[in-house]
**Student:** 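Here it is, the structure, as structure tokens.
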Amino acid sequence: MAIADMIGLFCRTAHAPSHTRARRWGYTILGAWLAGIGDDGRAAGRGPAERNDHEEPRVRRSIALLFATTLAGCAHYSTLPLATTAPLAPTVAALDGPAPSMPLTVEQVVTLALANNPDLRAARLKRGVAAGQATQAAVLANPSLSGAFLPLLSGAGAVPAWNLGLAQDIKSLVTYRARRRAATASTRQIAADLVWQEWQIAGQARQIATDIIIGTRGRPTYVAAFDLLADRNGKLERALATRTVTLVTVAPDRLALQAARTSLNTFDQTLLSQRHQLNALLGLTPEAVVPLVAAPDLPSFDPAAIRAALSTLPDRRPDLLALRLGYTAADEQLRVAILSQFPDLILGGSVSSDSSRVINGGPSVQVGIPVFDRNQGNVAIARATRAQLHADYAARLATATGTVGALLREYEQLAAQLAIARRDLPAARTAAARAQAAFGASNIDERGYVDLVSDRFAKEEEIMTLELALFDRQVAIQTLVGDGLPTIDGSAEQSGTDR
């Protein structure tokens with residue numbers, strides 16, 4: 001093979017961005033070619049003495065082959081272009097995962113969110129970073145090879161001098177096990193953090209979907225209240241134009257109509273904002289339509305069972321497990337810092353030959369004397385980090401238990417208030433129905449009719465608000481305790497501390 005052809009093949013394979021195997025073959029072929037330079041047409045014509053005189057080229061070719069083979073096992077760079085367009089799906093059908101039935105239930109929304117949320121997709125890649133760090137922590141320090149070739153420049157010597165040495169850092173072996181345990185705990189911490197983030201995304205998906213379902217179901221009440229007041233206000237405005245009523249009579253109805261319009265507009269704005277939040281959570285464009293069922297299908301809710309299981313919450317909450325694993329990693333880092341006080345120690349051996357062919361060899365030792373730097377700064381940092389994580393865990397544990405207990409109490413209060421409102425609703429509806437019949441028979445004035453019907457609407461809006469608040473508390477509690485959500489094996493935290 002010609003030199004130009006060989007160089008061209010090597011360059012094409014070395015710069016191929018997506019064919020690692022091809023690049024490795026290129027390096028190997030290059031080494032083989034280097035090893036074979038000068039062999040063709042020369043070896044056959046040499047005698048025994050001539051072959052011995054050409055041992056040096058063989059050594060060079062062997063070194064070239066070894067170098068090329070080593071390159072073949074190295075990692076290589078490849079480009080990873082950034083996205084030029086937003087990775088948002090235009091419709092629900094375009095999302096990843098099994099095709100859901102329409103309309104979507106709350107749990108189907110949760111499943112789609114866990115599979116398509118952009119933040120979760122990015123967070124899951126952190127596991128690769130942690131795995132790489134754990135792999136690096138498990139790698140032993142490389143030995144170092146040193147050598148020198150010293151040609152004879154002047155003097156009585158007969159041959160060039162040379163020396164060769166091999167050494168190994170022993171201090172890295174002292175901290176090896178502690179570093180591995182710290183990296184393992186950090187890897188499991190990231191896994192627990194990811195599960196906790198999945199809980200948060202699932203809780204948001206449940207809450208937003210439930211809010212949209214309840215809001216869509218309750219919107220006709222706001223519209224009916226506004227239409228009723230708009231109709232009465234229109235009549236009063238016409239009467240005011242003919243001067244059969246005074247402005248003082250019309251003013252309260254104007255205020256009531258404006259309040260109803262403001263309530264309806266605010267309600268619609270909130271509903272649209274919630275739909276946009278749900279689309280962002282699912283990785284959809286803002287214009288995409290997410291059809292939802294008419295009633296939320298949340299997991300069964302038992303406040304008494306949740307309160308009874310609060311004592312086991314630290315063993316089930318991913319954020320608490322992540323903090324414990326982080327504390328374990330910090331504890332191991334403190335061990336690493338303390339063990340690093342061990343003096344720098346390098347053991348090895350060397351062999352040398354001087355210009356008179358005298359060969360010497362033997363072991364070598366290099367010891368660092370800890371006079372000034374005894375790693376005291378890193379030990380102090382590691383101790384402070386561990387103490388901070390210890391306090392962080394205690395604070396998070398108190399917050400987790402206290403928050404769930406407070407939400408349970410709020411849930412009970414809202415449930416009692418909702419029961420009272422539902423108890424009063426039949427009476428308000430009956431009064432509104434009688435007022436409508438009386439107004440149709442001209443047995444009641446319009447003011448009284450509007451007041452009684454408006455009272456029914458107000459009661460229905462109150463019930464809807466209480467239901468929404470009750471569902472929000474339920475979703476928050478179930479998110480904090482992990483009802484129906486992905487779990488993490490608590491034994492992972494224990495195995496991360498094995499000595």
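As the structure is a computational prediction, the values presented were derived from the model and not from experiment.
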**Student:** Check side chain to side chain donor-acceptor pair (under 3.5 Å) between Thr262 and all other residues, then give those that pass, not counting sequence neighbours.
**Tutor:** Gln258

**Student:** Between the side chain of Asp344 and the main-chain N/O of Val367, is any donor-acceptor distance below 3.5 Å?
**Tutor:** no

**Student:** Report the residues that fulfil side chain to side chain donor-acceptor pair (under 3.5 Å) with Asp227, sequence neighbours left out, ordered by chain and then residue number.
**Tutor:** none

**Student:** Listing request: all ring-ring contact (aromatic ring centres under 6.0 Å, His included) pairs with a residue in residues 273-316, at least two apart in sequence or in separate chains.
**Tutor:** Phe301-Tyr411

**Student:** With a 6.0 Å cut-off (strictly less than), is the heavy-atom count around CD of Gln366, excluding the residue itself, greater than 12?
**Tutor:** no

**Student:** According to the ring-ring contact (aromatic ring centres under 6.0 Å, His included) rule, which pairs have a member within residues 313-341, sequence neighbours left out?
**Tutor:** Tyr327-His390

**Student:** For Arg316 and Thr312, which I'm curious about, is there any donor-acceptor pair between the side chains at under 3.5 Å?
**Tutor:** yes

**Student:** Flag the pair Asp319 and Arg317 as a salt bridge only when some basic side-chain nitrogen lies within less than 4.0 angstrom of an acidic carboxylate oxygen.
**Tutor:** yes

**Student:** Provide the full list of side-chain hydrogen bond (donor to acceptor under 3.5 Å, both in side chains) pairs with a residue in residues 287-296, sequence neighbours left out, each pair given once.
**Tutor:** none

**Student:** Are Ile369 and Pro343 side-chain neighbours, meaning at least one heavy-atom pair lies under 4.5 Å?
**Tutor:** no

**Student:** Does Glu332 use its side chain to pair, donor to acceptor, with the backbone of Ala329 at less than 3.5 Å?
**Tutor:** no

**Student:** Gln333 versus Arg179: any side-chain heavy-atom pair under 4.5 Å?
**Tutor:** no

**Student:** Might you point out which heavy atoms bring Leu320 and Leu313 nearest each other, and give the distance in Å?
**Tutor:** CD1-O, 4.2 Å

**Student:** What's the shortest heavy-atom distance between Thr210 and Val475, and which atoms?
**Tutor:** OG1-CG2, 4.5 Å

**Student:** Are Lys171 and Gln341 close enough, and set up right, to give a side-chain contact (heavy atoms from CB on, under 4.5 Å), and what steps lead you there?
**Tutor:** CA-CA 9 Å; Lys171 184 176 180 178; Gln341 295 178 115; over 6 Å; no

**Student:** Quick one: do Leu112 and Leu104 satisfy side-chain contact (heavy atoms from CB on, under 4.5 Å)? Show the steps, please.
**Tutor:** CA-CA 10 Å; Leu112 289 175; Leu104 298 177; 3.9 Å; yes

**Student:** Side-chain polar contacts of residues 459-466 - donor-acceptor pairs under 3.5 angstrom, sequence neighbours left out - could you list them?
**Tutor:**
from, atom 1, to, atom 2, distance (Å)
Glu460, OE2, Arg429, NE, 3.2
Glu460, OE2, Arg429, NH2, 3.4
Thr465, OG1, Glu461, O, 2.9

**Student:** Donor-acceptor pair, Trp199 side chain versus Pro486 backbone, under 3.5 Å?
**Tutor:** yes

**Student:** Using the rule given for side-chain contact (heavy atoms from CB on, under 4.5 Å), can you reason through Thr328 versus Gln189, listing the C-alpha separation, both sets of side-chain angles and the distance that settles it, and then say yes or no?
**Tutor:** CA-CA 9 Å; Thr328 300; Gln189 179 188 10; over 6 Å; no

**Student:** Do side-chain atoms of Gln168 reach the backbone of Ala141 as a donor and acceptor pair under 3.5 angstrom?
**Tutor:** yes

**Student:** When you check the gap from the basic side-chain N to the acidic O, do Arg324 and Asp315 get nearer than 4.0 Å?
**Tutor:** yes

**Student:** Could I get the full list of side chain to side chain donor-acceptor pair (under 3.5 Å) partners for Asn375, not counting sequence neighbours?
**Tutor:** Asn378

**Student:** Once salt bridge (charged side-chain N to carboxylate O under 4.0 Å, His left out) is applied, what residue pairs with a partner in residues 469-483 remain, sequence neighbours excluded?
**Tutor:** Glu410-Arg473

**Student:** Do Gln108 and Ser101 meet the criterion of a side-chain donor-acceptor pair at a distance under 3.5 Å?
**Tutor:** yes

**Student:** Which heavy atom of Ala167 sits nearest a heavy atom of Ile346, and at what distance?
**Tutor:** CB-CG2, 3.7 Å

**Student:** Please collect all ring-ring contact (aromatic ring centres under 6.0 Å, His included) contacts where either partner lies in residues 200-222, sequence neighbours excluded, each pair once.
**Tutor:** Tyr222-Phe267

**Student:** Stepwise, does the side-chain contact (heavy atoms from CB on, under 4.5 Å) test hold for Thr285 with Asn279?
**Tutor:** CA-CA 6 Å; Thr285 59; Asn279 286 8; 5.9 Å; no

**Student:** Please name all residues satisfying side chain to side chain donor-acceptor pair (under 3.5 Å) with Ser273, sequence neighbours left out, ordered by chain then number.
**Tutor:** Gln277

**Student:** Can you list every salt bridge (charged side-chain N to carboxylate O under 4.0 Å, His left out) pair that touches residues 371-394, not counting sequence neighbours?
**Tutor:** Asp331-Arg386

**Student:** Is the backbone of Ile213 close enough, under 3.5 Å, to the side chain of Thr216 for a donor and an acceptor to pair up by distance?
**Tutor:** no

**Student:** Return the minimal non-hydrogen interatomic distance between Val106 and Ala209, and the atom names on each side.
**Tutor:** CG2-CB, 4.3 Å

**Student:** Please answer whether the main-chain N or O of Thr105 pairs with a side-chain N or O of Asp297 as donor and acceptor at a distance below 3.5 Å.
**Tutor:** no

**Student:** Quick one, Leu228 and Ser454 - any side-chain contact, counting heavy atoms below 4.5 Å?
**Tutor:** yes

**Student:** So, for Ala123 and Leu194, which heavy atoms are closest and what is the spacing to 0.1 Å?
**Tutor:** CB-CD1, 3.9 Å

**Student:** Which heavy atom of Val92 sits nearest a heavy atom of Pro100, and at what distance?
**Tutor:** CG1-CG, 4.2 Å

**Student:** Please tell me if the side chains of Asn117 and Leu282 come closer than 4.5 Å, counting only heavy atoms from C-beta onward.
**Tutor:** no

**Student:** Salt bridge (charged side-chain N to carboxylate O under 4.0 Å, His left out): which pairs involve residues 108-132, sequence neighbours left out?
**Tutor:** Asp96-Arg121, Arg124-Glu198

